[in-house]
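Each remark here refers to the structure printed beneath this line.
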Amino acid sequence: MSHLALSQGSLTVTVPLGSDFSLRRSVFKARSVSFNDKSWTPILPLDFKTKNGRLRNQRILCMSVQQASAPKVNVAPLQLEDANEPPLNTYKPKEPYTATILSVERIVGPNAPGETCHIVIDHGGNVPYWEGQSYGVIPPGENPKKPGAPQNVRLYSIASTRYGDYFDGKTTSLCVRRAVYYDPETGKEDPSKNGVCSNFLCNSKPGDKIKITGPAGKIMLLPEDNPNATHIMIATGTGVAPYRGYLRRMFMESVPKFKFGGLAWLFLGVANTDSLLYDEEFTKYLKDYPDNFRYNIALSREQKNQRGGKMYVQDKIEEYSDEIFKLLDNGAHIYFCGLKGMMPGIQETLKRVAVERGESWEEKLSQLKKNKQWHVEVY
C-alpha cells in the first residue's frame, strides 16, 4: 500500500493511500506557539473517517497535542503559580460551572478494544486546578434512582497541566474511555446499559455545554519541593491522564518556578499497540530528555512476561524491581492510577519482590505512606 507523508517541522505522519480515508481540519485551534524567539504551529491532526462518518473503530491521530522541543513553551498567566495551596471544590454539585466543549478526538487505533477520547474543555480560566486533580462532570438528564434530580457527579482525572493544551490557563483536558455494555448472550451492544457520562463526553461536539464541579483531590498532586526528585508513575489505560499533566509540566512548559532536573519513569499497561495513549508525546520526551525520562509499556495482548503469560504492568514492574526498590529507598515517589483491578496484582508482585530481598513488604509500605511517597488513585 502506498503512503502519503505529511510533515511539519521535524514531525512526519504517514497516511495509507487507497483506503477510504478523508482528511479534515482538526477541531483543535491551530495556533502559533512561541518558543522564546522561535515560532511554531502545531500540525493538524488527521481524522480518518469512513463513508458513513462513524468514528468508532477509526483512528484520529492526536497530533494536535503540541509537541515540545527546546526551548520550552511559554505559559500564562504565571499567577497560577502563586497559590500555596491547591484550589479545591470551587464549584459544587448544586452549583456547577457551565463550561464549553472545544474538541473531542479519538486517540486509539482501529484494533484497540474500545474507544478512548481526548476531550478539551474551555473553562475560561474560572475553574483553575493543579496537576493530578480531577474534575467532576454532571451528564445531562435526570437521575434514574432519584426522579427529578440531576445525574450524579462522575470524577475524571485531568490530563493537562494547569495551563491546559493551549498554555493559556483557560482549558482543561480529559482522557475518557467510552463505557459500552455488550450482552453476554447475544454479543450485541445494549445502549440502555452503556456508561452515561463517558458516552455523553465522547459523543459531544465543539460548542456543547458541560456542567463541571471541582477541582477535587490532593492525593495525586505532584510534589515540587524537590525539583530533582524521582517520580515513578504506573498506569493502566486512561489512568495515564494525570501523568500526561506531570510530564508536560516537567518537559514541555517553561515554568519559571519549576525547573525539573530529576527522573520521571512511566510504566503504562494497555491491551495492544493501538491502545497506547499519548505515545507520540511520551516518545518525544524520551528522545529529548533521555537522562530525565524513562518509558516502559506493557501490552497484554502482544507481549509475554518472563513466565510466558500475558504481559501486564505488574510484570513490567517486576523486571525493574531491584532498581525501583532502590529508588524508593532513596526517597522516590511512586504513583498508581487506573482501574481498581490493577492494584492486587501490583501489590502481590511488590510483596514477592520484597520477600526475595529479605524485606517485609508491610513494613516498607507503611514507611512509604508515612513518608508521603505512596500515591494511589484508582476507580
Query - E359: side-chain contact (heavy atoms from CB on, under 4.5 Å) partners, not counting sequence neighbours - result: F325, A354, R357, K364
Report task. Check P139 against N152 and note the closest heavy-atom contact, atom names and distance. Result -> CD-O, 3.7 Å
Query raised in the report: In terms of side-chain geometry, is the basic nitrogen of D322 or K326 positioned less than 4.0 Å from the acidic oxygen of its partner?
Result: no
Requested in this report: Can you sort out the partners of Y156 under side chain to side chain donor-acceptor pair (under 3.5 Å), two or more places apart, ordered by chain and number?
Outcome: none
Query raised in the report: Do the non-hydrogen side-chain atoms of Y320 and R294 ever get within less than 4.5 Å of each other?
Result: yes
Requested in this report: Only one of Y243, F293, F258 passes ring pair (Phe, Tyr, Trp, His ring centres under 6.0 Å) with F251; say which it is.
Outcome: F293
Requested in this report: Would you mind reporting whether E281 and R248 have side-chain heavy atoms less than 4.5 Å apart?
Outcome: yes
Query raised in the report: Is it true that R301 and D274 have a side-chain N and a carboxylate O under 4.0 angstrom from each other?
Result: no
**Report entry** For the student: nearest non-hydrogen atoms of T98 and K209, plus distance
**Finding:** CG2-CB, 3.9 Å
Query raised in the report: Using the ring of each side chain (for Trp, its six-membered ring), is Y129 parallel, tilted or perpendicular to H123, with breaks at 30° and 60°?
Result: perpendicular
Report task. Apply the test side-chain contact (heavy atoms from CB on, under 4.5 Å) to residues M342 and F336: give CA-CA distance (whole Å), side-chain angles for both, the deciding distance (0.1 Å), then the verdict. Result -> CA-CA 9 Å; M342 72 185 277; F336 304 87; 4.2 Å; yes
Query - Close side-chain approach of N330 to T230, heavy-atom, < 4.5 Å - result: no
Query raised in the report: Hey, what's the ring geometry for Y335 with H375, parallel, tilted or perpendicular (30° and 60° as the breaks)?
Result: parallel
Query raised in the report: Is a salt bridge present between K310 and D315, judged by a nitrogen-to-oxygen distance below 4.0 Å?
Result: no
Report task. Identify the heavy atoms of W361 and L368 that sit nearest to each other, and give their distance. Result -> CH2-CD1, 4.4 Å
Query - Under-4.0 Å salt bridge between E318 and R307 - result: yes
Query raised in the report: Just by distance, do the side chain of Q314 and the backbone of Q347 share a donor-acceptor pair under 3.5 Å?
Result: no
Report task. Please confirm whether the backbone N or O of G262 pairs with a side-chain atom of H231, one donor and one acceptor, at under 3.5 Å? Result -> no
**Report entry** Separation of Q133 CD from N89 CG (nearest 0.5 Å)
**Finding:** 9.0 Å
Report task. Ignoring hydrogens and angles, tell me if any N or O in the side chain of S366 forms a donor-acceptor pair with the backbone of E362 under 3.5 Å. Result -> no
Requested in this report: May I have the step-by-step check of side-chain contact (heavy atoms from CB on, under 4.5 Å) for E302 and T273, ending in yes or no?
Outcome: CA-CA 8 Å; E302 295 179 6; T273 303; 2.6 Å; yes
Query raised in the report: Should side-chain heavy atoms under 4.5 Å link Ile, Leu, Val, Met, Phe, Trp and Tyr, which residues sit in the same cluster as I138?
Result: V153
Query raised in the report: Between E81 and K257, is there a salt bridge with N-O shorter than 4.0 Å?
Result: no
Query raised in the report: Taking the side chain as C-beta and beyond, is there a heavy-atom pair between S160 and T171 under 4.5 Å?
Result: no
Query raised in the report: Who pairs with R177 by salt bridge (charged side-chain N to carboxylate O under 4.0 Å, His left out), at least two apart in sequence or on another chain?
Result: none
**Report entry** Residues S173 and D165: side-chain donor-acceptor under 3.5 angstrom
**Finding:** yes
Requested in this report: Taking only Lys NZ, Arg NE, NH1 and NH2, and the carboxylate oxygens of Asp or Glu, determine whether E95 and K92 approach each other closer than 4.0 Å.
Outcome: no
Query - Fellow cluster residues of M311, listed by chain then number, with links counted only when side-chain atoms sit under 4.5 Å apart - result: none
Query - Pair K316-E319, salt bridge (Lys or Arg N to Asp or Glu O under 4.0 Å): steps then yes or no - result: CA-CA 5 Å; K316 189 60 68 172; E319 286 184 21; 3.7 Å; yes
Query raised in the report: Can you list the steps and then say if N272 with N111 is a side chain to side chain donor-acceptor pair (under 3.5 Å)?
Result: CA-CA 8 Å; N272 55 20; N111 295 318; over 6 Å; no
Query raised in the report: Which of parallel (below 30°), tilted (30 to 60°) and perpendicular (above 60°) describes F282 and Y295?
Result: perpendicular
Report task. Answer whether the closest heavy-atom distance between the side chains of Q151 and R154 falls below 4.5 Å. Result -> yes
Query raised in the report: Within the distance-only criterion (no hydrogens, no angle test), does the side chain of N371 pair as donor or acceptor with the backbone N or O of Q373 below 3.5 angstrom?
Result: no
Report task. May I ask you to check if R244 and Y278 form a cation-pi contact, with NZ or CZ under 6.0 angstrom from the six-membered ring centre and within 45° of the axis? Result -> yes
Report task. Report yes if the side chains of P86 and K218 come closer than 4.5 Å at any heavy-atom pair, otherwise no. Result -> yes
Query raised in the report: Which atom pair, heavy atoms only, marks the closest approach of S103 to P206?
Result: CA-CG, 4.4 Å
Query raised in the report: Which pair of heavy atoms, one from A179 and one from S198, lies closest together, and at what distance?
Result: N-OG, 2.9 Å
Query raised in the report: Got S300 and Y312 here, is their nearest side-chain heavy-atom distance under 4.5 Å?
Result: yes
Query raised in the report: Are side-chain heavy atoms of L222 and M250 found at a separation under 4.5 Å?
Result: yes
Query - Other ILVMFWY residues reachable from L339 by side-chain steps of under 4.5 Å - result: Y379
